[in-house]
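What you are looking at is a predicted structure, and each value in this text was computed from that prediction instead of being measured. Sequence lines set the chain letters: A, B, ... in the order given, protein chains first and strands last, and positions in each chain run from 1. Excluded from the calculations below are hydrogen atoms, water molecules and symmetry mates; all remaining heavy atoms, backbone and side chain alike, are included.
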Protein chains: 2
Amino acid sequence: MSIHLDNIVEEGGFKSCAHDFQTNCGNCRLNAICLPLALESEDVEQLDDIIQRSKPIQKNQHLYREEDDFKSVYAVRSGTLKAYKTTDDGREQVTGFYFPGEILGMDGIANNTHASSAKALETAAICEIPFESLEKLSTLMPNLQRHFFQLMSREITEDQQLITLLSKNSADERIASLMLSISARNARRKLSATAFRLPMSRVDIGNYLGLTVETVSRVFSRMQKMDLLSVDNKEIEILDIQGLREMANLGG
Amino acid sequence: MSIHLDNIVEEGGFKSCAHDFQTNCGNCRLNAICLPLALESEDVEQLDDIIQRSKPIQKNQHLYREEDDFKSVYAVRSGTLKAYKTTDDGREQVTGFYFPGEILGMDGIANNTHASSAKALETAAICEIPFESLEKLSTLMPNLQRHFFQLMSREITEDQQLITLLSKNSADERIASLMLSISARNARRKLSATAFRLPMSRVDIGNYLGLTVETVSRVFSRMQKMDLLSVDNKEIEILDIQGLREMANLGG
DNA sequence: ACGAACACTTGATTTGGATCATGGCGCCCA
DNA sequence: TGGGCGCCATGATCCAAATCAAGTGTTCGT
């Protein structure tokens with residue numbers, strides 16, 4: 001059973017007080033990879049003033065739902081969320097997983113209505129960034145405007161990666177790519193790139209990658225047989241990252 | 001053989017002079033659906049000042065290529081373009097088609113490098129919008145900033161639609177959806193929603209939708225047999241839009 | 001105006017992943 | 001502390017779309 005450093009450290013700050021001294025961008029362990037990334041420290045303080053931190057949301061709770069009015073975008077402080085859409089015939093399509101330091105909700109800007117729902121896969125601490133305030137601040141701080149444009153652009157390029165994956169790659173390649181993506185995002189947060197716990201179920205993985213649960217399961221078994229990784233329920237250890245890259249078709 | 005009103009009318013303006021009186025946002029037939037959409041007329045003039053209009057690009061010419069430095073985003077004035085990425089193993093993934101009034105190139109903002117290539121499917125007139133100027137103008141004009149955030153957000157929601165389509169829908173459903181999308185975009189430009197010429201090849205359609213050419217061909221034949229549409233090479237006429245919606249699973 | 005290259009269609013066969021079916025394991029809670 | 005339910009694994013069968021193959025139609029360059 002692995003220890004979730006993220007949750008323990010960061011939720012610790014919350015339990016005492018929402019305005020705890022730890023609870024601001026300046027002190028946040030994630031500020032180098034999150035919204036404040038591009039800002040001077042005095043600017044960070046202004047950003048800090050508009051950010052709302054409420055109590056953590058529990059597993060399976062929604063942060064927002066499709067068709068809710070759009071008010072804010074959200075930064076993940078700890079925990080993991082999934083974003084998903086409900087298709088016209090009632091099925092679910094997972095459109096992304098969001099880890100600490102990542103921003104979600106930007107798909108709501110287009111129509112002032114959330115285009116997808118977001119639900120916690122485990123207890124999660126969230127920073128809410130009211131969009132109107134962010135817009136105003138952006139006109140005053142060109143760096144912030146630039147950075148937010150970049151964040152949205154990154155969301156676009158990531159979606160395009162997923163489109164390519166779904167359109168061109170086999171089940172093996174899709175799952176190898178997802179494992180590598182999670183590994184890289186862990187590394188960005190200074191966590192292990194080779195050993196981690198998957199916060200999402202096999203169903204969610206399959207849904208995200210356009211595969212059935214059975215296929216996900218079989219691919220994990222196959223990868224294990226090939227000594228690419230070891231799988232113990234949700235605990236993953238990457239044993240041969242090079243081999244995994246080759247399987248994902250990311251070249252040698 | 002159909003007549004391309006778009007090309008004839010708008011390229012006419014170009015041939016004489018790049019600073020032709022017709023060639024500005026204020027007079028552009030598309031200004032109600034393009035970037036100027038949200039702006040007052042005096043603001044439109046300022047926007048107009050930063051926009052560069054060069055001579056039309058020819059079929060198969062590139063507007064930009066993957067990994068080019070990112071300098072500008074582009075608005076289509078006439079013609080059609082496709083955006084595509086080259087996968088690690090050298091294949092091509094079409095990520096979008098762009099019609100008059102639509103903006104492309106926003107995926108380059110994230111890393112200051114174009115994440116995809118854009119190529120003309122037919123002769124196309126383009127408005128180039130230098131991004132640095134657009135950023136500066138956006139800090140001065142909140143409406144423009146807002147509108148550009150919305151445009152990027154729309155790109156995200158459209159990509160998510162495509163992800164869902166690729167992940168959950170059959171070949172029939174994918175192609176029906178694409179035909180309906182093109183129809184709706186034509187309607188937005190006050191062109192026929194039921195009769196149009198496809199600017200892209202079957203290969204491009206298949207590539208975009210994650211299908212082979214053969215499958216695209218067969219689906220068109222099947223739709224024709226079902227009297228949903230008539231297909232004459234690239235000329236499409238939608239005969240039963242309701243039936244097509246049902247096939248696309250967009251409900252009754 | 002002609003021929004080559006390209007774009008599209010249609011048919012036969014194959015196949016990767018879906019679907020259907022079953023069983024085990026762990027976990028939560030009474 | 002056991003029972004039920006959700007999650008996961010694995011085997012058997014099926015099917016939609018890919019692949020392979022062979023044409024025909026269209027476009028373009030000279």
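At least one donor-acceptor pair closer than 3.5 Å links the side chain of A/R174 to the backbone N or O of A/L209. Judged purely by atom type and a 3.5 angstrom limit, B/T87 uses its side chain to pair as donor or acceptor with the backbone of B/R91. A side-chain donor-acceptor contact under 3.5 Å links B/Q61 to the backbone of B/Q58.
For B/R202 and C/dT9, the shortest distance from a side-chain N or O to OP1 or OP2 is below 4.0 Å. Side-chain nitrogen and oxygen atoms of B/K234 include at least one within less than 4.0 Å of the OP1 or OP2 phosphate oxygen of C/dC8. The side chain of B/T212 contributes an N or O atom lying less than 4.0 Å from OP1 or OP2 of D/dA18. Between B/S201 and C/dC6, a side-chain N or O to OP1/OP2 separation shorter than 4.0 Å is absent. For B/T215 and D/dA18, the shortest distance from a side-chain N or O to OP1 or OP2 is below 4.0 Å.
Counting to the nearest Å, the C1' atom of C/dA18 and the CG atom of A/N207 are 14 Å from each other. Summarising the geometry, the separation between CG on A/N233 and P on D/dA9 is reported as 7 Å, rounded to the nearest angstrom.
Picking from D/dC28, C/dA12, D/dG11 the nucleotide with the shortest atom distance to the side chain of A/E214 gives D/dG11. Considering only side-chain atoms of A/L211, the nucleotide from C/dT10, C/dG17, D/dG11 that sits closest is C/dG17.
Of the charged side-chain nitrogens involved, none lies within less than 4.0 Å of a carboxylate oxygen, so that B/E102 and B/R189 do not count as a salt-bridged pair.
Across all strands shown, A/G210 has heavy atoms under 4.0 Å from sugar-phosphate atoms exclusively, and none from any base.
Taking the six-membered ring where the residue is Trp, A/H114 and A/Y64 present parallel rings, their angle staying beneath 30° rather than reaching 60°.
Listed in residue order, the members of residues 163-176 of chain B having a heavy atom less than 4.0 Å from DNA chain C come to none.
Along DNA chain D, the nucleotide nearest B/D232 and the nucleotide nearest A/M200 are compared for position; the residue whose nucleotide lies closer to the 5' end is A/M200.
Residue A/R218 places a side-chain atom within donor-acceptor reach of the base of D/dG11, judged by atom type and a 3.5 Å distance cut-off alone.
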